[in-house]
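One structure below.
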There are 2 protein chains.
Amino acid sequence: MAKATAAGLDEAQANGLAEMWEDGEDRLGPASARRLLVAAVDAFAARGYHGTSTRDIADRAGLSPAGVYVHFASKEDLFFRITLLGHERTLHNAVTAVQSVGEAGPARRLHAVIEAQTTWQARHHTTARVVEYDLPCLSPEHYEQVAAIRRKITALVRGILNEGVRAGVFDVPDVDGMTLALLSMVTDVARWYPSNGRQSPEQLGTLYADLALRMAAPHSSDS
Amino acid sequence: MAKATAAGLDEAQANGLAEMWEDGEDRLGPASARRLLVAAVDAFAARGYHGTSTRDIADRAGLSPAGVYVHFASKEDLFFRITLLGHERTLHNAVTAVQSVGEAGPARRLHAVIEAQTTWQARHHTTARVVEYDLPCLSPEHYEQVAAIRRKITALVRGILNEGVRAGVFDVPDVDGMTLALLSMVTDVARWYPSNGRQSPEQLGTLYADLALRMAAPHSSDS
DNA sequence: CACCAGTGTAAGCAAGCGCTTAGCTCGGCG
DNA sequence: CGCCGAGCTAAGCGCTTGCTTACACTGGTG
């Protein structure tokens, strides 16, 4: 078995994990750096930040333990790059989804963003798990950078809800609370997918988006 | 400072964490064993299973490193007891909530269970974090025991939804999917509470229970 | 008294940790 | 050719890990 296809990496490729970490040509650096990123995502997702050793990661990437430090300053640096890139792409996914429906009104926008984010979490559940659940392992400065992106995602959803309430097409007593609930629903997909049920990412996206609309819609039991 | 109030334990008590781990008299064993449990919950919640050392735990409980092994066979054993007890109490919380509304109909039952579980996750967010997010650290046998309890909780919620659909008071196209979404919403509270917003556990419980009813209720846009 | 089970500690073992160092190989360029 | 920087490794440093061992103290029971 050649180095480039060392233990675990084939699996990662079958996963669609590798393609998530491909890049225009190589802003991510040489091939080994990209292999390390993919290997690290896989390992972190399986055993968590503290449960993963740098030797684990190096092995999966087909490098010696010291090989990691040719491309990354530290284990935390490697983790940070994954987390930051993952968040940037998640935000981009959300923004793109909202833009793609144009000025179609709050309901369509809400549906689009929830669908896109849910599908994303399911399709990239390995990456999403790393990105969502080990944030406290980041240094305070790095954490803050990532938190800023998270706030943008939250603001995007909250903005759509507020817009809908203002336009009278949503009935949402507690916009902040519902924003939290929606993001929880979506985020949590990364924790369990694909173990419960056999839905495709797209089916799940549609389902959750429909549920979001039900939560926001004016309902008959208004009194 | 006396042993019984070693570093971290005072905080845990102010938390309401300790009271969660009190017991009839002492099915949990001697006082030191209970202190170890509380200390371990606190440490696991803060840094995860792999990020917590047995020396951490012993320190917080005011014991020497070896003191842990007087009461627990291993770090995993300690973690398992926490996880199992936590799950048993969560299940009990859900069942009690449903029973407390008697034969009040699916809507009232759904509201009761979501409210109770959400409130629980918020009030015991430290324990809940340990119990929900490090399950893969359990041995396969222990994991299966805990998974069995989780399936009961899932079945409880799904049962209420099915009941409501049969009775014609709910309109739920995908019962399994909505069950998953509801439990995600509830579970995820442990991840962020209390950092976002200043809601009390009870307020959050009411909010989420109301959202659950909106998701299940027949709605005007039926065609 | 002797004895013992229960509870605790001091010391330390083997293994694993993140990371560094010194040195190798190799392609490109003068 | 000689030289250089990039990529990589073998070896290993200092430290921490989960856990064990050998021993000490205590209160209750014969």
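Chain identifiers are assigned alphabetically (A, B, ...) following the order of the sequence lines, protein sequences preceding nucleic acid strands; residue numbering begins at 1 within each chain.
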Whole Å only: how far is the [atom1] atom of [X] from the [atom2] atom of [N]?
X: B:Tyr69; N: D:dA22; atom1: OH; atom2: P; answer: 18 Å
X: A:Phe72; N: C:dC19; atom1: CZ; atom2: C1'; answer: 16 Å
X: B:Arg35; N: C:dG8; atom1: CZ; atom2: P; answer: 7 Å
X: A:Leu63; N: D:dA10; atom1: CG; atom2: C1'; answer: 14 Å
X: B:Asp56; N: D:dT17; atom1: CG; atom2: P; answer: 7 Å
X: B:Glu76; N: D:dT17; atom1: CD; atom2: P; answer: 19 Å
X: A:Leu78; N: C:dC19; atom1: CG; atom2: C1'; answer: 14 Å
X: A:Asp59; N: D:dC8; atom1: CG; atom2: P; answer: 15 Å

Looking only at side chains, do [X] and [Y] share a donor and an acceptor under 3.5 Å apart?
X: B:Glu76; Y: B:Ser74; value: no
X: B:Thr206; Y: B:Glu115; value: yes
X: A:Asp134; Y: A:His50; value: no

Taking OP1 and OP2 of [N], is either one under 4.0 Å from a side-chain nitrogen or oxygen of [X]?
X: B:Ser53; N: D:dT16; value: no
X: B:His71; N: C:dG8; value: yes
X: B:Ser32; N: C:dG8; value: yes

Q: Would you verify whether the NZ or CZ of B:Lys75 falls within 45 degrees of the ring axis of B:Phe44 while also being under 6.0 Å from that six-membered ring's centre?
A: no

(Q) Let's see if you can work this out: which of D:dT21, D:dA10, C:dT7 has an atom nearest to the side-chain heavy atoms of A:Ala66? (A) D:dA10

Q | Along DNA chain D (nearest heavy atom to each residue), the more 5'-positioned of A:Arg55 and A:Val70 | A | A:Val70

